[in-house]
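So the structure is just underneath, and the comments pick up after that.
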Amino acid sequence: MAIEDTRRAVQRVVDQLCEQGILTATVEVSLERPKSRDHGDYATNVALVAAKYSTIPPRELGNLIAERLSLDPAFTEVTVAGPGFVNIKLSARAQGEIAQRAVELGSAYGRNDTLTGKSFNIEFISANPTGPLHLGHTRWAAVGDALARVLAAAGADVTTEFYINDRGVQMDKFGASVMAASHGDSVPEDGYHGGYILDLAAAIVRLHPEFAQLSLSDQLVAYREAAYALQLQQQKDVLGIFRTHFDVWYSERRLYESGAVERAQSRLEEQGHVYSSDGALWLRTTTFGDDKDRVLIKENGERTYFAADTAYYVDKRMRGCDTAIYLLGADHHGYVNRLRAVAACAGDDMDENIEVLIGQLVKITRGGVEVKLSKRSGQIVTLEELVEEVGVDAARYTLARYPVDTPLVVDLEEIARKANDNPVFYVQYAHARISSVLRNARDLGVNWREAEFQPELLNSDQENELLGVLEKFPAVIATAAELREPHRVARYLEELATAYHRFYDACRVLPRSDEELSESHIARLWVCAAAQQTLSNGLDLLGVSAPEKM
RNA sequence: GCCUCCGUAGCUCAGGGGAUAGAGCGCCGGUUUCCGGUACCGAAGGUCGCAGGUUCGAAUCCUGCCGGGGGCACCA
């Protein structure tokens, strides 16, 4: 019996009390899984909350609720504790059915419809195509991709998007740097200095020897465009290795070429938030909480980067998403208010249609010594290097298991050296261990799926605990999606792995050599399969593999 | 100065108003006749930055302060 069924049962009792005039108003029942097992499978504070609407003190109210609930055969024990908590113990049968449900739903177990009918556009990373992706982008690759999967698992329609900043002076500096390198000259002072510039230059000289014949100004363009194409492809390749998929790669140039910038501007003008001043064209973002108004078109006639931002937002919405989610680094937090104001200026609801998630930066240490990241000096740790050093699974899991608003310190040596102590391996190990047990069952000719499953046999503390954890999975996904916090999935998996290991330690799954196969073994195999499925589903949400052997 | 995030065990961090504040690492001590010991059990370790407030109840919500990170462009 799932938590929601139980909650409804309690709700019915509370509603009844209201109808009978014992409560002057009914209250929404919230049910939780208590931290301590002594407090039952489920607990509710409803008596404490409802006491406001009654002359009866909380504890007595609790007794009243408990009395009525205990009539339900699904509950073996309903008690009142402390100031008035009602603690509920499920029957082994009601609890055990969870295993069967998880197995039968398979990869769909955990999916729910809390966000069904809502569409999201999630934009993350959005790096300049002027260099390799580095660690600053990596947290977003892991978190953004996991968030997209979590939202989809909660029923939402999700589009992931990467915005390519391929216009402006940075691109020209990039092109000039590569051209200089290809001529054997030193790179301009304000250019890009990483070793990758030399590699790009060498590749282009090999692919396009004819560039040398062009005039210098034509060469600059040719080198810029060739380097852009190579660098963008390199970013795509690395993200592919990192299992981070983007549905849409949206180029800033396309934004201009498609007329989206003009369309957005006229949209904003229609809404009446655009004005001229000092020879420039402004958007009145202060109406919606920004510190100052922002310039769309500069005095010299050029559009600002901000103009492109507004166009991009309007374009996303016109392409059909309900909510545009932006994942930005803490160094961009000053953009939050203006972006929200843009939405409002475009006539949208800035609490509904736009969400900006700010993530704190990742500090990297290697053997306890901080690794300074600086693109200018070329001292960078790239996403590619990280993957080579620790692997995709460890990198993704490590970056996705923390809430994004806490600064993160990751020690590269520690992740690499102590791979076995890493939480990701703990979780993966649980999956591999179960896989092994199920393999052994197959080798013994045990066909547990065809045998009768008797959930009431699962009555030990460890089985009970494990089933309880399994049951929470859909709720964990729903919460992670609702709060945009995919790290909750990782934390949940660690809890599940622990519950499984304890179960495994206490409960023999397969018959020993001198034992006959019993219904109890069958029931435990169902639990194993349910745990395996749930671990696999959860790891998949994080983009981490679920190995059958390690 | 203004905005924002953070402050929880020696270290790295979980804890979306509830009961005795948790995990991993590190440290100390245990557990195995056969299913993966990369596991499990136990011990030690805390003024949850400080002070008020709201509440039956605050690590959690509010206010102020202290300390730290980041940000405050007609840059891209």
Side-chain angles (χ1 to χ4, degrees), chain A residues 30 32 34-36 38-39 43-45 48-49 51-52 57-58 81-85 87 128 130 165 167-171 173 252 277-282 291-292 294-300 302-308 329-337 358-361 363 365 368 401-411 414 418-423 425-426 428-430 432-441 443-444 462 479 482-483 485 487-488 490-491 494-495 497-498 500-515 521 524-525 528 549-550:
Chain A
S30 72
E32 64 168 16
K35 281 179 217 149
S36 164
D38 304 335
H39 298 145
T44 176
N45 63 354
L48 292 157
V49 178
K52 281 193 194 95
F85 292 104
N87 297 330
N128 293 334
T130 55
N165 292 129
R167 269 179 104 254
V169 302
Q170 291 304 320
M171 288 300 288
K173 287 179 183 176
E252 187 182 355
S277 174
D278 302 333
L281 195 70
W282 297 72
D291 313 331
K292 49 176 295 189
R294 306 288 167 176
V295 172
L296 289 168
I297 301 180
K298 298 185 231 177
E299 209 172 347
N300 66 10
E302 284 175 31
R303 287 180 200 274
T304 58
Y305 195 84
F306 174 72
D331 52 339
H332 287 77
H333 109 269
Y335 290 36
V336 176
N337 281 339
I358 293 299
Q360 300 301 310
L361 304 180
K363 194 191 280 182
T365 60
R401 85 182 270 269
Y402 302 98
V404 294
D405 52 7
T406 62
L408 180 58
V409 178
V410 175
D411 192 285
E414 197 155 306
K418 300 182 177 175
N420 292 350
D421 300 328
N422 220 301
F425 286 95
Y426 180 75
Q428 288 183 316
Y429 176 75
R433 197 181 206 188
I434 301 171
S435 301
S436 170
V437 172
L438 295 176
R439 269 195 306 273
N440 293 342
D443 293 346
L444 288 171
Q462 290 82 0
T479 305
E482 189 192 329
L483 299 178
E485 291 183 342
H487 77 275
R488 287 170 183 274
R491 300 294 170 161
E494 291 162 29
E495 186 186 344
T498 296
Y500 181 78
H501 286 312
R502 285 184 183 155
F503 154 79
Y504 183 85
D505 197 57
C507 304
R508 177 77 198 189
V509 178
L510 294 172
R512 292 167 188 269
S513 51
D514 57 348
E515 277 181 326
H521 295 129
R524 286 173 179 174
L525 281 162
C528 286
K549 288 181 181 173
M550 293 174 73

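Note that this is a predicted model, so its numbers are computed, not measured. Every heavy atom of this structure was used, including side-chain atoms; hydrogens, water molecules and symmetry mates were not. Sequence lines set the chain letters: A, B, ... in the order given, protein chains first and strands last, and positions in each chain run from 1.
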Open item on the list: Less than 4.0 angstrom between a side-chain N/O of A:N440 and OP1 or OP2 of B:G36, yes or no?
Closed with: yes
TODO: For each nucleotide in nucleotides 68-76 of chain B, reading 5' to 3', give B when a protein heavy atom comes within less than 4.0 Å of its base, S when such contact involves only the sugar-phosphate, and - otherwise.
DONE: -BBS--BBB
TODO: Please confirm whether the backbone N or O of A:I297 pairs with a side-chain atom of A:T304, one donor and one acceptor, at under 3.5 Å?
DONE: no
TODO: Can you tell me the distance, in whole Å, between the CZ atom of A:R491 and the C1' atom of B:A21?
DONE: 15 Å
- [ ] For B:G45, give its Watson-Crick or G-U wobble partner with both distances under 3.5 Å, or none.
- [x] none
Open item on the list: So A:P403, base contact, sugar-phosphate only, or nothing? Heavy-atom distance under 4.0 Å.
Closed with: sugar-phosphate
TODO: Just compare B:C35, B:C13, B:G16 and give me whichever is closest to any side-chain atom of A:Y402.
DONE: B:C13
- [ ] Under 4.0 Å between any heavy atoms, over every strand shown, what does A:V437 touch: base, sugar-phosphate, or nothing? Just pick one.
- [x] base
TODO: Any strand is fair game: report the nucleotide pairing with B:C11 by Watson-Crick or G-U wobble, both distances under 3.5 Å, or none.
DONE: B:G24
Task: Assigned partner base of B:A51, Watson-Crick or wobble definition, under 3.5 Å - done: B:U63
Task: Nucleotide of B:G15, B:A19, B:C56 approaching A:L48 most closely (side-chain heavy atoms) - done: B:C56
Task: Check: A:R303 side chain, A:A308 main-chain N or O, donor-acceptor pair, under 3.5 Å - done: no
TODO: Without swapping roles, check the side chain of A:R502 against the backbone of A:Y504 for a donor-acceptor pair under 3.5 Å.
DONE: no
Open item on the list: If stacking means aromatic ring centre less than 5.5 angstrom from the base's six-membered ring centre, planes under 30°, is A:Y426 stacked on B:G24?
Closed with: no
TODO: Remember a base hit wins even if backbone is also touched, and classify A:C528 as base, sugar-phosphate or nothing at under 4.0 Å, heavy atoms.
DONE: nothing
- [ ] Determine the interatomic distance between P on B:G15 and the same-named atom on B:A51; round to the nearest Å.
- [x] 25 Å
Open item on the list: Between A:R401 and A:E494, does any side-chain N to carboxylate O distance fall below 4.0 Å?
Closed with: yes
Open item on the list: Contact between A:F85 and A:H39 at the side-chain level, heavy atoms closer than 4.5 Å - yes or no?
Closed with: no
Open item on the list: Taking the minimum atom-to-atom distance to the side chain of A:E482, which one of B:G36, B:G16, B:C13 wins?
Closed with: B:G16
Task: Rounded distance in Å between the C1' positions of B:A59 and B:U20 - done: 15 Å
Task: Distance in angstrom units between A:E32 CD and B:U60 C1', rounded - done: 14 Å
Task: Separation of atom CD in A:E494 from atom C1' in B:A14, rounded to whole Å - done: 9 Å
Task: Candidates B:C40, B:C35, B:A19 - which lies nearest the side chain of A:A81 - done: B:A19
Task: Counterpart residues, ring pair (Phe, Tyr, Trp, His ring centres under 6.0 Å), relative to A:Y429 (two or more places apart) - done: A:H501
Open item on the list: Between the base of B:G16 and the side chain of A:T479, is one N or O donor paired with an acceptor at under 3.5 angstrom?
Closed with: yes
Task: Distance, C1' atom - from B:G7 to B:C48, rounded to whole angstrom - done: 10 Å
- [ ] Classify the ring geometry between A:Y500 and A:F503 as parallel (under 30°), tilted (30 to 60°) or perpendicular (over 60°).
- [x] tilted
Open item on the list: My understanding is that a pair needs two contacts under 3.5 Å, Watson-Crick or G-U wobble. By that rule, which nucleotide pairs with B:C40?
Closed with: B:G30
TODO: Let me know the distance between NE2 of A:H521 and C1' of B:C35, rounded to the nearest Å.
DONE: 10 Å
Task: Most 5' of A:Y504 and A:A43 on RNA chain B, judged by nearest nucleotide - done: A:A43
Task: Complementary nucleotide of B:A19, counting Watson-Crick and G-U pairs under 3.5 Å - done: none
Task: Nearest-Å distance for atom pair CZ/P, residues A:R502 and B:C40 - done: 7 Å
- [ ] Determine the contact category for A:H39: base if any of its heavy atoms lies under 4.0 Å from a base atom, sugar-phosphate if only primed atoms, P, OP1 or OP2 are that close, otherwise nothing.
- [x] base
- [ ] Rounded to whole angstrom, note down the P distance from B:C62 over to B:U54.
- [x] 15 Å
Open item on the list: Suppose we call a contact any N or O donor and acceptor under 3.5 Å apart; does that hold for the side chain of A:S513 and the base of B:C34?
Closed with: yes
Open item on the list: Check whether A:N300 reaches the backbone of A:E302 with its side chain - one donor and one acceptor, N or O, closer than 3.5 Å.
Closed with: yes
Open item on the list: Rounded to whole Å, how long is the line connecting atom CD of A:Q428 with atom P of B:A39?
Closed with: 13 Å
TODO: Could you tell me whether the side chain of A:L525 reaches within less than 4.5 Å of the side chain of A:V509, counting heavy atoms only?
DONE: yes
Task: Whole-angstrom distance between B:A9 and B:U4, as gauged at atom C1' - done: 28 Å
Task: Contact letters for nucleotides 28-33 of chain B, in which S counts primed atoms plus P, OP1 and OP2 and B counts the base, heavy atoms under 4.0 Å - done: ------
Task: Gap in Å between the two C1' atoms, one belonging to B:G10 and one to B:C5, rounded - done: 25 Å
Task: Watson-Crick or G-U wobble partner of B:C2, both distances under 3.5 Å - done: B:G71
- [ ] Please work out if A:L408 contacts a base, only the sugar-phosphate, or nothing of the nucleic acid, heavy-atom cut-off 4.0 Å.
- [x] sugar-phosphate
TODO: Report which part of the nucleic acid A:N87 touches: base, sugar-phosphate, or nothing (heavy-atom distance under 4.0 Å, all strands).
DONE: base
Task: Minimal non-hydrogen separation, A:M171 against A:R167, with atom names - done: CG-N, 3.9 Å
- [ ] Return the 5'-most residue of the pair A:K549, A:T498 with respect to RNA chain B, ranking by each residue's nearest nucleotide.
- [x] A:K549
Task: Spacing of A:T406 atom OG1 and A:H487 atom NE2 [to the nearest 0.5 Å] - done: 8.0 Å
Task: Options B:A14, B:C5, B:A39, nucleotide nearest the side-chain atoms of A:Y429 - done: B:A39
Open item on the list: Could you tell me how far B:G30 sits from B:C34 if I compare only their C1' atoms? Round to whole Å.
Closed with: 22 Å
Open item on the list: For A:I358, run the side-chain contact (heavy atoms from CB on, under 4.5 Å) check against A:V404, A:D405, A:V336 and tell me which one passes.
Closed with: A:V336
Task: Check: B:A19 base within 3.5 Å donor-acceptor of A:N45 side chain - done: no
Open item on the list: Measuring only the P atom in each nucleotide, how far is B:C6 from B:G49? A whole number of Å is fine.
Closed with: 12 Å
Open item on the list: Under the criterion of centre distance below 5.5 Å and interplanar angle below 30°, is A:F425 classified as stacked on the base of B:U38?
Closed with: no
- [ ] In whole angstrom, give the distance that lies between atom CD of A:E485 and atom P of B:C5.
- [x] 14 Å
Task: Gap between atoms NE2 and P, on A:H487 and B:U12 respectively (whole Å) - done: 18 Å
Open item on the list: Before you tell me yes or no, could you show the steps for A:R491 and A:Y402 under side chain to side chain contact (heavy atoms under 4.5 Å, CB included), namely the whole-Å CA-CA distance, both residues' side-chain angles and the distance that decides it to 0.1 Å?
Closed with: CA-CA 9 Å; A:R491 300 294 170 161; A:Y402 302 98; 3.4 Å; yes
Open item on the list: Applying side chain to side chain contact (heavy atoms under 4.5 Å, CB included) to A:N165 and A:Q170, what does each step give before you reach the verdict?
Closed with: CA-CA 9 Å; A:N165 292 129; A:Q170 291 304 320; over 6 Å; no
